[in-house]
**Q** 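The structure that follows is given in the form of structure tokens.
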Amino acid sequence: MAPIPTALTPELFDYVVSHSGQPDEVQAALIAETQALGGPAGLQISPDEGAFLTMLTRLLGVRNALEVGTFTGFSALCIARGLAPEGRLTCCDVSEEWTSIARRHWASAGLSDRIELRIGPGVETLRKMPKEPTYDFAFIDADKPGYPDYWEEIVPRVHPGGVILVDNALYHSGVLQADSTDPGIQGVRTLNDRARSDDRVEATMLTISDGILLARKL
């Protein structure tokens, strides 16, 4: 039997966050403004996941990144911070309201010229992009029923050796509900199964935050 990972209690999570990369003033201000939104704030990635995005992007030397699902812009800020010199990030989202918050904080961080925001349904935006490999890093964190479609549009557009991350791969344990009719659970489960059998990538799953599917394009 494989070793069971340490259960992440609230206290242990606080310990993890305190020993991960700490949000700077701009990131902290963005987190605070997002938290003040109330219920929608749950759409923001956790600080430890943000630190992971920056670290991974930097380690990979990412020059051309793609994000689907931007919300108030914290994950984009973290990705952009890790880009190589002259690197660019393209963000896709449907909300002018939430991304207006993102734009302000990107400007405060001095990153506005490195982030391009495209407003519109994610799949439609992706289908307007060139089909040949363009990106060396992609992060999917949008509506969960759309995950399988985002995957199919993104994989061909990532360079061999490039990395795709998919957030909420555990969907708050919902992935264990095989008979669920919830569209979000169905979307995440379908994507997880597809990635596991997709011969275009090699994939693994990380238990950071609500689970991250990490895939490398072959």
Side-chain angles (χ1 to χ4, degrees), residues 1-60 62 65 67-83 98 101-102 105 109 137-144 147 151 163-178 180 182 184-193 195-196 201-216:
M1 181 177 178
I4 298 175
T6 302
L8 199 61
T9 64
E11 295 77 15
L12 198 53
F13 174 73
D14 289 342
Y15 181 87
V16 169
V17 171
S18 70
H19 288 75
S20 299
Q22 297 302 297
D24 61 18
E25 290 185 4
V26 176
Q27 291 173 317
L30 175 51
I31 291 170
E33 183 170 350
T34 303
Q35 290 300 309
L37 297 174
L43 297 174
Q44 187 176 71
I45 66 168
S46 59
D48 61 317
E49 186 173 355
F52 174 72
L53 285 176
T54 301
M55 178 73 75
L56 183 61
T57 306
R58 189 168 288 144
L59 287 171
L60 294 171
V62 174
E67 176 181 79
V68 180
T70 296
F71 187 40
T72 57
F74 181 61
S75 56
L77 180 57
C78 295
I79 293 169
R81 280 271 171 81
L83 291 173
W98 300 138
I101 297 173
H105 290 279
F137 184 87
F139 182 57
I140 303 174
D141 186 19
D143 59 295
K144 309 317 172 202
Y147 268 23
W151 176 265
V163 167
I164 304 169
L165 293 185
V166 184
D167 196 30
N168 301 113
L170 300 180
Y171 204 63
H172 311 292
S173 300
V175 291
L176 298 179
Q177 302 173 31
S180 174
D182 180 280
I185 292 176
Q186 291 180 335
V188 174
R189 282 179 55 88
T190 297
L191 182 279
N192 289 343
D193 291 343
R196 182 176 59 178
V201 304
E202 55 182 354
T204 189
M205 197 169 287
L206 308 177
T207 55
I208 296 172
S209 193
D210 187 32
I212 297 175
L213 174 70
L214 186 155
R216 175 180 174 273

**Q** Using side-chain contact (heavy atoms from CB on, under 4.5 Å) as the criterion, list what pairs up with Thr207, not counting sequence neighbours.
**A** none
**Q** Do Ser75 and Glu67 have side-chain atoms, one donor and one acceptor, less than 3.5 Å apart?
**A** yes
**Q** Counting distance only, does the side-chain N/O of Glu33 pair as donor-acceptor with the main-chain N or O of Ile31 below 3.5 Å?
**A** no
**Q** What is the distance from atom CD1 of Ile208 to atom CG of Leu170, rounded to the nearest 0.5 Å?
**A** 11.0 Å
**Q** With a 4.5 Å limit on heavy-atom distance, are the side chains of Ile140 and Leu191 in contact?
**A** no
**Q** Rounded to the nearest 0.5 Å, what's the gap from CD1 on Ile164 to CD1 on Ile212? Could you check?
**A** 14.0 Å
**Q** Heavy atoms only: give me the nearest Trp151-Ala215 pair and the separation to one decimal.
**A** CH2-CB, 3.7 Å
**Q** For residues 43-50, please give each side-chain donor-acceptor pair under 3.5 Å, one per line with the distance, not counting sequence neighbours.
**A**
from  : atom 1 : to     : atom 2 : distance (Å)
Gln44 : NE2    : Thr34  : OG1    : 3.1
Ser46 : OG     : Asp48  : OD1    : 2.5
Ser46 : OG     : Ser209 : OG     : 3.2

**Q** Show, in sequence, the C-alpha distance, side-chain angles and deciding distance for Phe137 and Leu56, and conclude whether the side-chain contact (heavy atoms from CB on, under 4.5 Å) test is met.
**A** CA-CA 10 Å; Phe137 184 87; Leu56 183 61; 4.0 Å; yes
**Q** Sequence neighbours excluded, which residues qualify as side-chain contact (heavy atoms from CB on, under 4.5 Å) partners of Ser173?
**A** none
**Q** Which pairs pass ring pair (Phe, Tyr, Trp, His ring centres under 6.0 Å) with one or both residues in residues 16-48, sequence neighbours excluded?
**A** Tyr15-His19
**Q** Return the set of residues passing salt bridge (Lys or Arg N to Asp or Glu O under 4.0 Å) with Arg81 (not counting sequence neighbours), or none when no residue passes.
**A** Asp24
**Q** If I take atom CG from residue Leu165 and atom CZ from residue Phe52, how far apart are they, to the nearest 0.5 angstrom?
**A** 6.0 Å
**Q** What distance separates Asn168 CG from Asp210 CG, expressed to the nearest 0.5 Å?
**A** 4.5 Å
**Q** List for me each residue that meets side-chain contact (heavy atoms from CB on, under 4.5 Å) alongside Ala169, sequence neighbours excluded, and say none if there are none.
**A** Asn192, Met205, Leu213
**Q** Rounded to the nearest 0.5 Å, how far does NZ of Lys144 lie from OG1 of Thr190?
**A** 14.0 Å
**Q** Restricting to ring pair (Phe, Tyr, Trp, His ring centres under 6.0 Å), what partner residues turn up for Phe74, sequence neighbours left out?
**A** none
**Q** List the atom of Leu30, the atom of Thr72, and the distance in Å for their closest heavy-atom pair.
**A** CD1-O, 3.3 Å
**Q** For Thr57, check side chain to side chain donor-acceptor pair (under 3.5 Å) against everything at least two apart and list the hits.
**A** none
**Q** Hey, what do you get for SG (Cys78) to CE (Met55), rounding to the nearest 0.5 Å?
**A** 12.0 Å
**Q** Suppose we screen for salt bridge (Lys or Arg N to Asp or Glu O under 4.0 Å). Which residues come up paired with Arg216, at least two apart in sequence or across chains?
**A** Glu202
**Q** Holding to side-chain contact (heavy atoms from CB on, under 4.5 Å), I want the full list of residues that pass it with Asp182, two or more places apart in sequence or in another chain.
**A** Tyr171, Ser180, Ile185
**Q** Apply salt bridge (Lys or Arg N to Asp or Glu O under 4.0 Å) to Asp167 and list each qualifying residue two or more places apart in sequence or on a separate chain.
**A** none
**Q** For residues 6-14, dump all side-chain donor-acceptor pairs below 3.5 Å to protein atoms at least two apart in sequence or in another chain.
**A**
from : atom 1 : to    : atom 2 : distance (Å)
Thr9 : OG1    : Glu11 : OE1    : 3.4
Thr9 : OG1    : Leu12 : N      : 3.1

